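Below is one structure, written out as structure tokens; the observations come after it.
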Amino acid sequence: MKVKELLPGDRVSEQGKHDAVDFEVVSINKMGQRFKVTFRSILGIASASYSGDAYIAASR
């Protein structure tokens with residue numbers, strides 16, 4: 001789904017070197033044409049900045 005369509009609670013899974021890591025979207029904030037997405041996982045909380053039209057493999 002497009003980053004600009006993400007909602008808190010959406011889930012993203014990313015394959016690491018050894019195991020998959022599951023992330024939950026905590027918040028999404030529009031910053032001009034970009035979006036700051038905050039994620040929570042077993043690794044902690046982190047944020048990333050994306051173009052609103054970028055695609056991310058997320059599920060609801």
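In this text, all values refer to a predicted model and were calculated from it rather than measured experimentally.
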Are side-chain heavy atoms of Ile28 and Leu7 found at a separation under 4.5 Å? no

Give a yes or no on this: more than 12 heavy atoms of other residues, nucleotides or ligands lie within 6.0 Å of atom CD of Gln15. yes

By side-chain hydrogen bond (donor to acceptor under 3.5 Å, both in side chains), Ser47 pairs with (sequence neighbours left out) Thr38

Residue pairs passing the salt bridge (Lys or Arg N to Asp or Glu O under 4.0 Å) test where at least one lies in residues 11-22, sequence neighbours excluded: Arg11-Glu24

Is it possible for you to say whether Tyr55 and Val12 belong to one hydrophobic cluster, with membership spreading through side-chain heavy-atom contacts below 4.5 Å? no

Tell me, please, which residues at least two apart from Arg34 pass side-chain hydrogen bond (donor to acceptor under 3.5 Å, both in side chains). Ser49

Taking only residues two or more places apart in sequence or in another chain, which ones pass side-chain contact (heavy atoms from CB on, under 4.5 Å) with Ala57? none

Distance in Å, Ser27 OG paired with Phe39 CZ, rounded so as to fall on 0.5 Å steps: 9.5 Å

With a 4.5 Å cut-off on side-chain heavy-atom distances among I, L, V, M, F, W and Y, is there a chain of contacts connecting Leu6 to Val21? yes

Indicate if Val25 and Leu43 have the same hydrophobic cluster label, given that clusters are the connected sets of ILVMFWY residues with side-chain heavy-atom separations under 4.5 angstrom. yes

Can you list the residues that meet the side-chain contact (heavy atoms from CB on, under 4.5 Å) rule with Asp53, with sequence neighbours excluded? Lys2, Lys4, Ser51

Rounding to 0.5 Å, atoms CG (Asp10) and CZ (Arg60) come to a distance of 4.0 Å

Residues that Ile42 engages under side-chain contact (heavy atoms from CB on, under 4.5 Å), provided they are two or more places apart: none

Decide yes or no on side-chain contact (heavy atoms from CB on, under 4.5 Å) for Tyr50 and Ile56, but give the supporting numbers first. CA-CA 10 Å; Tyr50 298 95; Ile56 191 166; 4.1 Å; yes

